[in-house]
Protein chains: 2
Amino acid sequence: MNSKKNTEADILKAAKKIFIQHGYAGARMQAIADEAKINKAMLHYYYRSKEALFGRIMDGAVDLMSQQFRKALSGTAPVMDKLKALISSYTDTINQNPYIPIFILNEIARNPINFQSKMQRKLEEENVLQNFMLQIMEEQEKEILRPLPIPQFMLTVMSLIVFPHIAKPVFVRVFGISDAGYAGMMEDRKELIYEMMQKTMTL
Amino acid sequence: MNSKKNTEADILKAAKKIFIQHGYAGARMQAIADEAKINKAMLHYYYRSKEALFGRIMDGAVDLMSQQFRKALSGTAPVMDKLKALISSYTDTINQNPYIPIFILNEIARNPINFQSKMQRKLEEENVLQNFMLQIMEEQEKEILRPLPIPQFMLTVMSLIVFPHIAKPVFVRVFGISDAGYAGMMEDRKELIYEMMQKTMTL
DNA sequence: GTCTATATATGGATAGAC
DNA sequence: GTCTATCCATATATAGAC
């Protein structure tokens with residue numbers, strides 16, 4: 001049996017862990033090799049360079065995120081229903097991949113143009129974001145949704161959904177919460193966020 | 001005239017810019033020297049090491065943030081009034097120092113324990129945070145505020161206040177907003193955030 | 001495919017002249 | 001206090017044996 005696939009996958013898994021933990025500049029190829037229990041040279045054999053390897057990990061993260069948006073925001077359901085789906089699926093996904101938001105944020109700071117083009121390409125495939133924003137405007141005209149600039153609307157939802165996962169490292173320390181406890185809080189927040197949007201964004 | 005003070009301050013200013021832009025691991029001493037228009041050796045002459053220099057910058061950022069909390073949350077005003085003050089002063093401060101939140105966030109990821117001890121020491125000086133949380137509980141008992149676990153309450157406020165500044169790099173690109181336009185949005189959000197808290201957190 | 005050894009580059013830090 | 005030159009450790013990347 002050929003062990004190629006295993007090594008290749010092992011490297012990806014290790015790289016994901018190390019890059020997410022330390023960011024691009026802080027990550028060491030040696031640390032990735034150690035984590036994958038293989039030799040440093042293997043990293044280059046399979047992925048040629050640090051930048052290339054990092055790109056693979058970032059692609060995976062972008063895929064994961066854009067998938068959430070596509071699944072939740074496509075179709076013809078009312079805006080508030082779509083939001084409910086987004087809140088739920090995003091929370092579940094991040095609970096399983098806790099450090100993805102921070103990782104993505106670092107990359108945005110490091111190389112905003114590269115990140116945005118990756119993300120936008122994904123979302124433009126089916127015009128997901130564009131269509132959703134049009135739908136918001138429609139519902140605003142129909143006086144279902146409160147008239148509010150689209151960026152403000154989007155910013156508000158994303159704040160409530162994403163920030164708690166970014167701030168996790170602080171909050172667990174300040175309030176002495178366990179990982180499981182925090183995940184539970186995130187679960188409770190699903191309803192809280194929906195309720196807040198309902199009370200403040202609908203007419 | 002002695003130019004010592006100028007150089008020393010120049011370095012700090014340059015270091016702030018470079019560290020904030022690239023994070024600790026990504027920042028280069030050479031880049032800081034270039035930015036300050038002095039020699040690399042000078043950095044070590046004044047601040048001995050990269051880590052020490054970074055520490056100074058971080059201290060400044062922590063000071064700035066903890067000051068906001070102390071000013072807004074001390075005293076005997078009702079919780080909602082304090083929040084209004086916090087929303088306003090925090091927004092103003094960040095509009096003038098746009099990348100502080102991302103910088104702090106990166107440091108939390110890099111060295112959570114060190115950061116938290118710095119921050120906590122600042123806030124413990126006058127028991128700011130502790131007292132504020134007690135006040136929230138009091139108002140919850142008096143049925144002014146909705147009964148909600150304190151961490152959830154804090155997480156919600158902080159999400160609405162902080163996240164928009166973190167997400168700025170993405171949003172300006174996705175929506176094609178100028179820096180001034182974004183600052184304006186943040187200004188508008190002051191009222192929006194207060195209103196959301198009012199509608200969803202008070203009884 | 002996998003390893004050891006090594007090349008090459010870069011970054012932080014120091015020595016020493018002025 | 002400021003500079004040039006240099007040291008030394010570390011990091012990425014490659015060569016070449018097995």
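What's counted below: heavy atoms across the whole structure, side chains too, no hydrogens, waters or symmetry copies. Every chain is numbered from 1, with letters handed out A, B, ... down the list of sequences. Note that the structure is a prediction, hence the values are computed from the model and not measured.
For E51(B), the side-chain contact (heavy atoms from CB on, under 4.5 Å) partners two or more places apart in sequence, or in a different chain, are Y24(B), S49(B), R110(B). With sequence neighbours excluded, the residues that form a ring-ring contact (aromatic ring centres under 6.0 Å, His included) with F19(A) are F54(A). Under the ring-ring contact (aromatic ring centres under 6.0 Å, His included) criterion, F69(A) pairs with no residue at all, not counting sequence neighbours.
For Y45(A), no side-chain nitrogen or oxygen approaches OP1 or OP2 of dC3(C) to under 4.0 Å. One finds no side-chain N or O of T7(A) lying less than 4.0 angstrom from the OP1 or OP2 phosphate oxygen of dG1(C). Taking 4.0 angstrom as the limit, H44(B) places none of its side-chain polar atoms (N or O) nearer than this to OP1 or OP2 of dT14(C).
The nearest whole Å value for the distance from the CZ atom in F54(B) to the P atom in dG12(C) is 13 Å. Look at CD on E51(A): it is 15 Å from C1' on dA11(D), rounded to the nearest Å. Protein atom OH of Y47(B) is 11 Å distant from nucleotide atom P of dG1(D), rounded to whole Å. We find that OH of Y46(A) is positioned 8 Å from C1' of dT2(C), with the value rounded to whole Å. Protein atom NZ of K50(B) is 12 Å distant from nucleotide atom C1' of dA13(C), rounded to whole Å.
Look at D10(A) and K37(A) and you find no salt bridge, because none of the NZ, NE, NH1 or NH2 atoms lies under 4.0 Å from a carboxylate O.
Residue K13(A) qualifies as open at atom NZ: its count of foreign heavy atoms under 6.0 Å is 12 or below.
Between the side chains of R146(A) and Q140(A), not a single donor N or O lies within less than 3.5 Å of an accepting N or O.
In this structure, F103(A) has its ring center no closer than 6.0 Å to that of Y99(A).
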Under 3.5 Å, sequence neighbours excluded: what are the donor-acceptor pairs made by side chains of residues 71-83 of chain B?
residue	atom	partner	partner atom	Å
S74(B)	OG	R70(B)	O	2.6
K82(B)	NZ	L73(B)	O	2.8
K82(B)	NZ	G75(B)	O	2.9
K82(B)	NZ	Q135(B)	OE1	2.7

- request: With pairs defined as Watson-Crick or G-U wobble and both distances under 3.5 angstrom, please note down DNA chain C as a dot-bracket string, | for pairing with another strand.
  value: ||||||||||||||||||
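Residues from residues 24-42 of chain A placing a heavy atom under 4.0 Å of any atom in DNA chain D, listed by number, are A27(A), R28(A), M29(A), K40(A), A41(A).
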